[in-house]
Amino acid sequence: MAVSPTRSPLSGLPRRLVQDGIVGEDVVLQALANSRSDPGGLVPHLVSRSLADARQIAIAAASEFGVPLLDLDAMETDLDAVKSVDRQLLARHRVLPLLLRSKRLFLGMADPTNLQAIDEIKFQTGFRVDPVVVEQNKLEEIVSKALDAVDTSMSNMADDDFDLESLEVTGGDEEVADEAGRDDAVDAPVVRFVNKVLLDAIKRGASDVHFEPYEKHYRVRTRLDGVLKQVAAPPLALSSKVVARLKVMARLDIAERRLPQDGRIKMRLSKNRAIDFRVNTCPTLFGEKVVLRILDPSSAKLGIDALGYEGFQKQLYLDALAKPYGMILVTGPTGSGKTVSLYTGLNILNTEDRNISTAEDPAEINLPGVNQVNVNPKVGLTFAAALRAFLRQDPDVIMVGEVRDLETAEIAIKAAQTGHLVLSTLHTNDAPKTLTRLVDMGVKPYAIASTVHLIIAQRLARRLCENCKEVKDIPEEALLQEGFSADDVRGGLRIYGPVGCKSCTDGYKGRTGIYQVLPMTEAIQRIILEGGSAQEIADQAGKEGVWDLRRAALQKVKDGLTSLEEINRVTID
């Protein structure tokens with residue numbers, strides 16, 4: 001009796017990929033199981049992990065479903081088509097509107113079977129949606145650029161698009177006495193200069209703007225991709241007028257020059273676009289220095305895949321977020337992206353059935369659906385006081401901007417022990433030191449071992465520009481000294497370095513995260529309970545496969561995302 005052949009459980013695109021020899025059946029089955037938690041689905045999962053070639057997948061998909069195939073390099077992005085679709089839909093499904101013609105929208109997508117994306121966009125726009133197959137790797141890059149261009153609405157704007165003297169500006173919440181005549185203290189050219197500096201900073205994607213007075217000169221610098229660059233050198237005589245203008249915008253006391261002041265500015269660029277700035281003034285030898293932090297609410301909505309986690313690190317974070325109680329701690333220096341990591345987690349948790357409260361100093365990102373509180377020690381509203389109030393407000397998730405003292409730490413841990421998920425930050429150099437830092441603060445080791453579920457240490461490194469990066473010739477001995485293994489070096493390791501072109505800054509464009517993600521295992525709990533050191537915790541974590549920051553940084557170099565010079569700047573060998 002003849003035995004019938006085993007029937008493949010695959011259908012549609014997965015079956016076609018196996019039939020064409022693009023990827024093995026076992027790999028597809030495993031990828032299908034792993035990609036269920038990925039919003040993009042199977043194709044992004046295969047391409048991002050280099051399990052299959054994006055071009056071959058696109059050709060197979062177009063042939064299988066009779067859908068047109070388009071090379072994205074052959075056409076320019078149509079921003080009008082992109083603007084016709086809700087930004088959140090594009091970010092969630094990672095698809096690209098290509099062309100809009102009389103109620104007919106051509107939609108670039110790597111997987112034309114993603115009917116959910118087609119239906120949601122059809123419902124939102126009212127257009128007929130025709131799928132066009134494109135390559136996943138090119139699609140991902142162009143979608144990100146298109147979203148940036150639409151979100152800022154400024155990619156192609158000249159200064160003439162704005163009246164630099166009459167941009168709509170509002171200050172913080174605190175009223176300042178004697179409002180009459182405040183604007184008279186500032187000349188129109190100074191108003192125009194300040195507005196132009198801030199607009200240029202927004203256009204370039206800067207994170208901070210520094211106005212700095214010195215004995216014989218005055219300079220303005222912006223922090224772009226983590227590095228400060230001078231952008232202007234106005235006459236020293238304008239120093240006091242520039243400060244006065246910034247204080248007027250932030251509703252600060254222009255007569256107070258001896259003490260630091262904090263404020264906030266909201267600059268409205270259009271009906272749908274406003275930018276917030278956090279403002280701090282500090283008296284120096286030759287006048288007041290003013291620093292503005294540009295707050296970008298969209299950074300928390302990029303999605304966890306845009307932050308730079310390795311696949312297994314991302315899964316550890318998602319697993320910890322899925323737990324109903326316990327504590328997740330994020331650590332790193334100022335400006336390392338801790339707030340964005342926390343808010344990305346909060347955005348995942350932000351559903352109708354959860355009560356989420358945050359205490360921050362101050363709240364940098366506005367997230368609808370989350371109850372955000374600015375701590376104010378002057379009136380007694382400390383982190384600890386806010387936490388106590390939260391615990392009487394039926395919380396599910398609590399985020400504390402920073403654990404600074406024993407009182408805050410103890411309340412946060414009690415909250416984590418009593419059925420709440422608590423997220424917070426500490427200032428330590430790596431994940432193991434975070435655990436010993438809590439002990440040094442006075443937290444009982446058993447409380448740490450039983451409540452802390454995950455610690456994330458992170459840094460931000462500049463990304464190499466994809467348009468101009470080039471392969472560097474580095475001796476094998478130097479690569480081994482940097483930390484690469486002999487197998488890496490012998491396996492044809494390609495190291496890229498910066499060059500510089502018109503579309504980047506010194507060979508870099510954007511940043512990516514470097515992470516050490518440390519889960520609390522039984523062995524690490526035992527070390528904490530026995531009073532072990534941070535080094536003992538680090539050694540045990542290494543045995544359990546946890547990557548330290550240096551190893552994670554080297555992986556970014558191996559992937560061609562950044563350079564050796566850059567990881568040496570942000571991590572220690």
Side-chain angles (χ1 to χ4, degrees), residues 151-152 162 164 166-179 182-183 185-186 190-191 193-202 205-212 220-223 242-257 259-283 288-301 334-335 338-340 342-343 346 357-368 370-379 381-383 386 399-402 425:
D151 194 42
T152 60
F162 294 97
L164 291 175
S166 58
L167 272 171
E168 185 181 341
V169 174
T170 55
D173 297 329
E174 294 185 10
E175 296 291 337
V176 178
D178 190 21
E179 290 288 334
R182 284 162 56 86
D183 287 316
V186 185
V190 174
V191 172
F193 168 75
V194 170
N195 288 350
K196 186 177 188 308
V197 168
L198 299 187
L199 286 171
D200 286 346
I202 296 167
S207 61
D208 302 86
V209 186
H210 294 238
F211 295 85
E212 302 171 309
V220 181
R221 294 188 292 171
T222 60
R223 188 177 294 279
V242 169
V243 173
R245 171 59 184 163
L246 291 167
K247 285 184 172 181
V248 167
M249 295 169 73
R251 303 178 78 92
L252 300 178
D253 185 354
I254 61 175
E256 178 55 77
R257 300 183 180 90
L259 296 173
Q261 297 186 66
D262 290 295
R264 204 174 179 101
I265 295 171
K266 180 184 287 290
M267 179 180 284
R268 186 163 295 282
L269 306 176
S270 66
K271 220 177 253 189
N272 302 317
R273 178 68 172 166
I275 297 291
D276 286 339
F277 299 85
R278 190 180 71 198
V279 184
N280 177 265
T281 69
C282 183
E288 290 179 277
K289 173 176 177 176
V290 185
V291 177
L292 285 73
R293 167 66 57 89
I294 302 174
L295 307 177
D296 185 4
S298 64
S299 59
K301 300 175 184 176
T334 300
K338 299 188 298 296
T339 301
V340 171
L342 284 177
Y343 265 92
L346 287 180
S357 297
T358 74
E360 302 164 80
D361 184 20
E364 295 188 7
I365 297 172
N366 179 26
L367 194 60
V370 174
N371 307 292
Q372 297 170 276
V373 174
N374 280 335
V375 299
N376 187 351
K378 292 179 182 177
V379 298
L381 182 55
T382 61
F383 281 119
M399 196 269 270
V400 188
E402 183 184 348
T425 70

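No hydrogens, no waters, no symmetry mates; every other heavy atom, side chains included, goes into these values.
The closest donor-acceptor contact from the side chain of E288 to the backbone of V243 lies at 3.5 Å or more, if one exists at all.
Annotation: the span from L295 atom CG to S207 atom OG amounts to 10.5 Å, rounded to 0.5 Å. In this structure, CD1 on I265 lies 14.5 Å from CZ on R293, to the nearest 0.5 angstrom. With rounding to the nearest 0.5 Å, the separation of CG in L198 from CD1 in I294 is 7.0 Å. Distance CG/L199 to CE/M267: 5.5 Å, rounded to 0.5 Å. The CG atom of N280 sits 11.0 Å away from the CG atom of D208 when rounded to the nearest 0.5 Å. From Y343, atom OH reaches atom CG of L367 across 6.5 Å, with rounding to the nearest 0.5 Å.
Contact check for T281 versus E256: no side-chain heavy atoms found under the 4.5 Å cut-off. Counting heavy atoms from C-beta outward, T382 and V375 have side chains that stay 4.5 Å or more apart. Within the 4.5 Å cutoff, the side chain of F193 has heavy atoms near those of the V220 side chain. No side-chain heavy atom of M249 sits under 4.5 Å from any side-chain heavy atom of V279. With a 4.5 Å cut-off on side-chain heavy atoms, V290 and K247 do not count as touching.
Of all the heavy atoms in P283 and L259, the pair that sits closest is CD-C, 4.0 Å. Scanning both residues, A201 and T222, for their nearest heavy atoms gives CB-CG2, 4.2 Å.
E212 meets the salt bridge (charged side-chain N to carboxylate O under 4.0 Å, His left out) test with R219, R221, K289; sequence neighbours excluded. Listed by chain and number, the residues in a side-chain contact (heavy atoms from CB on, under 4.5 Å) with E402 are R404, T425, H427 (sequence neighbours excluded). For R223, there are no side chain to side chain donor-acceptor pair (under 3.5 Å) partners two or more places apart in sequence or in a different chain. Evaluation of the side chain to side chain donor-acceptor pair (under 3.5 Å) rule for T358 yields E360 as partners, not counting sequence neighbours. Listed by chain and residue number, A359, L381, F390 satisfy the side-chain contact (heavy atoms from CB on, under 4.5 Å) test with A386 (two or more places apart in sequence, or in another chain).
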